[in-house]
Chemist: 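The structure that follows is given in the form of structure tokens.
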Amino acid sequence: MPDKNMPEYNLLDELKWRGLIHQCTDEDGLAKILATGPQAVYIGFDPTADSLHVGSMMQLMMLRRFQQAGHRPIALVGGATGMIGDPSGKSEERNLLSADQLQKNITGVAAQMRQFLHFHDDEQDHDGNQQSNGAVLLNNFEWMSGYSYLEFLRDVGKSFPVGAMMGKESVRSRLDSEAGLSYTEFSYMLLQAYDFVHLSREHGCLIQAGGSDQWGNITAGIDLGRRMLGRQLFGITAPLLTTSDGRKMGKTESGAIWLDPARTSPYQFYQYWRNVDDADVMRCIAYLTEIQRVEYEELAEATQADPGRRVAQNRLAEWLTEFVHGEDGLVNALRASKMLFGGEIGVQSDASLGEIFADVPSREVSREKLDGEGYWIVEALQDAGLVASGGEGRRAVKGGGVYVNNIRANDEKQCLDVSNLASATVMVLRKGKKNYALLRFV
RNA sequence: GGGGGUUUGCCCGAGUGGUUAAAGGGGGCGGACUGUAAAUCCGCUGGCUACGCCUACACAGGUUCGAAUCCUGUAGCCCCCA
């Protein structure tokens with residue numbers, strides 16, 4: 001139950017001002033059932049990796065917002081559907097995952113969801129009311145694996161007009177393309193549609209949310225619900241998180257931004273958000289954070305007035321980093337940012353350097369290199385992996401793009417020795433603005 | 001099956017038998033400026049044990065003191081005729 005003492009808060013209004021409603025099957029109907037009491041809401045997650053990335057954050061935050069409004073979120077991981085692969089928005093047939101990999105992915109993803117959702121029914125709220133909207137994690141493999149092909153065709157396939165399937169954008173675009181569409185992928189829609197029916201029947205779930213690319217799958221589920229159960233289901237989609245020029249957010253040249261700190265360190269995560277374009281930052285804040293409307297307006301105004309200060313970017317980066325990686329993660333990210341974008345790196349301890357430069361690639365080099373005539377800087381750059389060849393290294397130094405402990409080195413013949421160490425065993429090399437590498441002398 | 005054309009560095013694209021490691025552009029990488037931005041401007045952009053050496057203009061051979069540039073063959077792409 002929603003906390004009676006909380007200020008009355010209308011979920012749909014909240015979603016609306018945040019721009020989170022892209023499409024909705026029956027908004028008035030949805031508003032009505034939301035008003036009647038707690039509802040179960042489901043969003044499906046594709047376990048394609050053992051970590052979620054920022055693309056899934058939208059969906060998780062969506063569930064979280066529902067939960068905060070007193071509703072029960074159902075996070076569905078697609079153990080079964082993941083074996084098939086959703087063709088929506090994909091230009092090619094997907095590789096199927098092995099059962100082992102799938103299990104690993106589900107475990108990893110489920111752990112991350114705890115950051116966003118409360119999974120247990122709380123004992124009682126302070127009015128003594130039973131809190132009963134703990135999130136539920138389900139895996140559709142549970143009900144799909146035992147379903148025989150024949151039964152499925154009789155129960156589900158029978159209620160599925162091919163004409164409607166052919167009309168879906170996801171199918172059509174693939175049929176017209178060269179890549180084509182396999183029967184397996186074509187059938188994906190039936191599985192997801194059936195999930196909705198199953199959840200409706202077993203968990204009383206009437207609402208499915210998702211990204212706008214899920215519209216076709218969601219409406220398929222709604223149709224199936226009407227046919228099989230004679231029940232009115234609802235669908236709501238959020239816009240995709242894209243940049244102002246239409247590219248998906250959360251991707252960099254070097255890959256996706258993950259929630260798992262082992263894949264994307266808090267520092268990288270923080271930096272990604274801090275560098276969001278002015279044109280995109282307010283949308284990110286609305287979509288991904290719980291920053292309230294008043295502050296949102298202030299940030300928008302501040303950005304408009306003086307974009308150079310980047311108050312909105314900083315706030316976004318700090319909010320998200322703390323939310324996903326905790327206070328420690330944020331502190332580390334801030335410390336590393338300060339060091340990496342600051343001036344000269346003075347003498348540090350090995351431990352603190354190691355922590356700050358946790359993301360930075362490091363190589364071990366024999367300490368003897370520093371003896372005698374020293375360690376030629378070009379060779380050091382190569383050993384650190386910052387340049388591919390000696391020639392490139394020389395050019396980089398000549399062009400003024402190489403720094404040792406953040407001090408520019410401009411002599412290509414320079415040799416490094418013990419005095420260039422930033423800590424007992426570590427030297428910090430940098431090429432250009434942001435390319436760091438550590439050398440550990442052992 | 002016959003005839004013609006084309007093939008250049010990460011990509012596009014110039015190229016005279018002799019400073020051609022190959023014009024120009026794009027991209028990439030540095031630098032300046034800036035907001036750890038965009039735009040702009042500047043430099044670099046085959047390798048090396050480096051004032052020198054090596055490998056490069058589809059591939060293999062040949063003609064030349066000398067070839068990306070001429071000849072022959074092979075392969076890829078394009079066009080025309082049957």
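Labels below follow one simple rule: chain letters A, B, ... track the order of the sequence lines, proteins then strands, and each chain is numbered from 1.
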Chemist: Less than 3.5 Å apart, which donor and acceptor atoms pair up between the side chains of residues 26-35 of chain A and the rest of the protein, not counting sequence neighbours?
Modeler:
| from | atom 1 | to | atom 2 | distance (Å) |
| --- | --- | --- | --- | --- |
| Asp26(A) | OD1 | Gly29(A) | N | 3.0 |
| Glu27(A) | OE2 | Lys16(A) | NZ | 2.8 |

Chemist: Contact class for Arg408(A) (heavy atom, under 4.0 Å): base, sugar-phosphate, or nothing?
Modeler: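 Counting heavy atoms under 4.0 Å across all strands, the contact made by Arg408(A) is with sugar-phosphate only.
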Chemist: Do Tyr267(A) and Phe357(A) make the cut of ring centroids closer than 6.0 angstrom?
Modeler: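 Ring-ring flag for Tyr267(A)/Phe357(A): false, centres at least 6.0 Å apart.
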Chemist: Name the residue from Tyr272(A), Phe45(A), Trp258(A) that meets the ring pair (Phe, Tyr, Trp, His ring centres under 6.0 Å) definition with His53(A).
Modeler: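 Exactly one pass, corresponding to Trp258(A).
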Chemist: Does RNA chain B take part in any stems of at least 3 consecutive Watson-Crick or G-U pairs (both distances under 3.5 Å), and if so, which ones?
Modeler: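 Only these stems qualify: B:1-7 with B:75-81, B:10-12 with B:24-26, B:27-32 with B:40-45, B:46-48 with B:52-54, B:58-62 with B:70-74.
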Chemist: Calculate the interatomic distance between Lys433(A) atom NZ and rU34(B) atom P; express it in whole Å.
Modeler: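 After rounding, the gap between these two atoms is 10 Å.
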Chemist: For Gln348(A), what residues pass the side chain to side chain donor-acceptor pair (under 3.5 Å) criterion, not counting sequence neighbours?
Modeler: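 Gln348(A): side chain to side chain donor-acceptor pair (under 3.5 Å) contacts with Ser352(A).
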Chemist: Rounded to whole angstrom, note down the P distance from rU6(B) over to rG61(B).
Modeler: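 Each nucleotide's P atom is 24 Å from the other's.
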Chemist: Once hydrogens and angles are ignored, does a donor-acceptor distance under 3.5 Å link the base of rG35(B) to the side chain of Asp306(A)?
Modeler: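 It does not, because no donor-acceptor pair links the side chain of Asp306(A) to the base of rG35(B) below 3.5 Å.
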Chemist: Between atom CZ in Arg335(A) and atom P in rU36(B), what is the gap in whole Å?
Modeler: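 In whole Å, rU36(B) P lies 21 Å from Arg335(A) CZ.
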Chemist: Within a 6.0 Å radius of atom CD on Glu301(A), are there more than 12 heavy atoms belonging to other residues, nucleotides or ligands?
Modeler: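 Not more than 12 within 6.0 Å, no.
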Chemist: So, Tyr375(A) and Asp383(A): side-chain donor and acceptor under 3.5 Å apart, yes or no?
Modeler: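 Yes, because at least one side-chain N or O of Tyr375(A) sits under 3.5 Å from a partner of the opposite role on Asp383(A).
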Chemist: How far apart are the closest heavy atoms of Ala317(A) and Thr321(A), and which atoms are they?
Modeler: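 Minimum heavy-atom separation between Ala317(A) and Thr321(A): O-OG1, 2.5 Å.
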Chemist: Could you tell me how far apart Arg309(A) (CZ) and rG35(B) (C1') are, to the nearest whole angstrom?
Modeler: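 In whole Å, rG35(B) C1' and Arg309(A) CZ are 12 Å from each other.
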Chemist: Short of 4.0 Å, heavy atom to strand atom, which residues of residues 372-390 of chain A count as contacting RNA chain B?
Modeler: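 Only Ser389(A), Gly390(A) qualify.
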Chemist: Who pairs with Thr289(A) by side-chain contact (heavy atoms from CB on, under 4.5 Å), at least two apart in sequence or on another chain?
Modeler: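 Residues passing side-chain contact (heavy atoms from CB on, under 4.5 Å) with Thr289(A): Arg18(A), Ile285(A), Ile291(A), Leu316(A), Trp319(A), Leu320(A).
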Chemist: Under 4.0 Å between a side-chain N/O of Lys431(A) and OP1 or OP2 of rG31(B), yes or no?
Modeler: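 Answer is no, no contact under 4.0 Å.
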Chemist: Under a 3.5 Å distance rule, please check whether His71(A) uses its side chain to pair with a backbone N or O of Gln39(A) as donor and acceptor.
Modeler: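 Yes, His71(A) side chain to Gln39(A) backbone: donor-acceptor pair under 3.5 Å.
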Chemist: Nearest whole angstrom, please: distance from the P of rU34(B) to the CZ of Arg310(A).
Modeler: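 Spelled out: CZ on Arg310(A) to P on rU34(B) is 15 Å.
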Chemist: Can you check the distance between rC77(B) and rU72(B), where both ends of the measurement are the P atom (answer in whole Å)?
Modeler: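 The answer is 22 Å between these two P atoms.
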Chemist: Rounded to whole angstrom units, what separation is found between the CG atom of Asn410(A) and the C1' atom of rG43(B)?
Modeler: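 In whole Å, rG43(B) C1' and Asn410(A) CG are 15 Å from each other.
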Chemist: If the C1' atom of rG27(B) is compared with that of rG9(B), how far apart are they to the nearest Å?
Modeler: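 So the two C1' atoms sit 13 Å from each other.
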Chemist: Is the glycosidic angle of rC51(B) within 90° of 0, making it syn, or outside that range, making it anti?
Modeler: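 Syn conformation here, the glycosidic angle of rC51(B) being no more than 90° from 0.
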Chemist: Would you measure the distance from the C1' atom in rU40(B) across to the matching atom in rG35(B) and give it in whole Å?
Modeler: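 Taking atom C1' in both rU40(B) and rG35(B), they lie 16 Å apart.
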Chemist: Tell me, for nucleotides 19-24 of chain B in 5' to 3' order, what letter each nucleotide earns: B for a base near a protein heavy atom under 4.0 Å, S for only sugar-phosphate near one, - for neither?
Modeler: ------
Chemist: Hey, can you pull the residues of residues 391-399 of chain A with a non-hydrogen atom under 4.0 angstrom from RNA chain B?
Modeler: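 Gly391(A), Arg394(A), Arg395(A), Gly399(A), in order of number.
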Chemist: Residues two or more places apart in sequence or in another chain: which of them pass side chain to side chain donor-acceptor pair (under 3.5 Å) with Tyr403(A)?
Modeler: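 Side chain to side chain donor-acceptor pair (under 3.5 Å) check on Tyr403(A) returns Arg408(A).
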Chemist: Could you list the donor-acceptor pairs under 3.5 angstrom formed between side-chain atoms of residues 390-397 of chain A and any protein atom two or more places apart in sequence or on another chain?
Modeler:
| from | atom 1 | to | atom 2 | distance (Å) |
| --- | --- | --- | --- | --- |
| Glu392(A) | OE1 | Ala388(A) | N | 3.2 |
| Arg394(A) | NH1 | Glu412(A) | OE1 | 3.3 |

Chemist: By the 4.0 Å heavy-atom rule, please label Asn435(A) as base, sugar-phosphate, or nothing.
Modeler: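 Result for Asn435(A) = sugar-phosphate.
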Chemist: May I have the list of side-chain donor-acceptor pairs in residues 424-442 of chain A shorter than 3.5 Å, sequence neighbours left out?
Modeler:
| from | atom 1 | to | atom 2 | distance (Å) |
| --- | --- | --- | --- | --- |
| Thr425(A) | OG1 | Asp350(A) | OD1 | 3.4 |
| Thr425(A) | OG1 | Asp350(A) | OD2 | 2.8 |
| Arg430(A) | NE | Gly432(A) | O | 2.8 |
| Arg430(A) | NE | Lys433(A) | O | 3.4 |
| Arg430(A) | NH1 | Asn406(A) | OD1 | 2.9 |
| Asn435(A) | ND2 | Lys431(A) | O | 3.1 |
| Tyr436(A) | OH | Leu340(A) | O | 2.4 |
| Tyr436(A) | OH | Asn406(A) | OD1 | 3.0 |
| Tyr436(A) | OH | Asn406(A) | ND2 | 3.4 |
| Arg440(A) | NE | Ser362(A) | OG | 3.4 |

Chemist: NZ of Lys338(A) versus P of rU36(B): gap in Å, rounded?
Modeler: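 Answer to the nearest Å: 15 Å.
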Chemist: If you measure from the P atom in rU16(B) to the same atom in rC29(B), how many Å do you get, rounded?
Modeler: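 Straight-line distance between the two P atoms is 34 Å.
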Chemist: May I ask you to check whether Thr81(A) and Asn140(A) show a side-chain donor-acceptor distance below 3.5 Å?
Modeler: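 Note: Thr81(A) and Asn140(A) side chains meet the donor-acceptor criterion.
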Chemist: Among all residues two or more places apart in sequence or in another chain, which pass the side-chain contact (heavy atoms from CB on, under 4.5 Å) test with Thr25(A)?
Modeler: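 side-chain contact (heavy atoms from CB on, under 4.5 Å) check on Thr25(A) returns Trp215(A), Thr219(A), Ile222(A), Phe234(A).
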Chemist: Please name all residues satisfying salt bridge (Lys or Arg N to Asp or Glu O under 4.0 Å) with Arg310(A), sequence neighbours left out, ordered by chain then number.
Modeler: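 Not a single residue meets the salt bridge (Lys or Arg N to Asp or Glu O under 4.0 Å) criterion with Arg310(A).
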Chemist: Grab the CG-P distance between Asp277(A) and rA38(B) for me, whole Å please.
Modeler: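 After rounding, the gap between these two atoms is 8 Å.
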Chemist: Taking atom P in both rC79(B) and rC54(B), compute the distance separating them and give it to the nearest angstrom.
Modeler: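 Taking atom P in both rC79(B) and rC54(B), they lie 44 Å apart.
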Chemist: Nearest whole Å is fine: how far is rU36(B) C1' from Trp273(A) CH2?
Modeler: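 Taking CH2 of Trp273(A) and C1' of rU36(B), I get 17 Å after rounding.
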Chemist: Please give the distance between the P atoms of rG17(B) and rA67(B) as a whole number of Å.
Modeler: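 The answer is 15 Å between these two P atoms.
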Chemist: Look at all strands and tell whether Tyr403(A) reaches a base, only sugar-phosphate, or nothing, counting heavy atoms closer than 4.0 Å.
Modeler: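 Since only primed, P, OP1 and OP2 atoms lie under 4.0 Å of Tyr403(A), the category is sugar-phosphate.
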Chemist: rC44(B) and rG26(B): how far apart are their P atoms, nearest whole angstrom?
Modeler: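 About 15 Å, rounded to a whole number of Å.
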Chemist: Please report the interatomic distance CD1(Ile74(A)) to CG(Leu117(A)), rounded to the nearest 0.5 Å.
Modeler: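 Interatomic distance, Ile74(A) CD1 to Leu117(A) CG, rounded to 0.5 Å: 11.5 Å.
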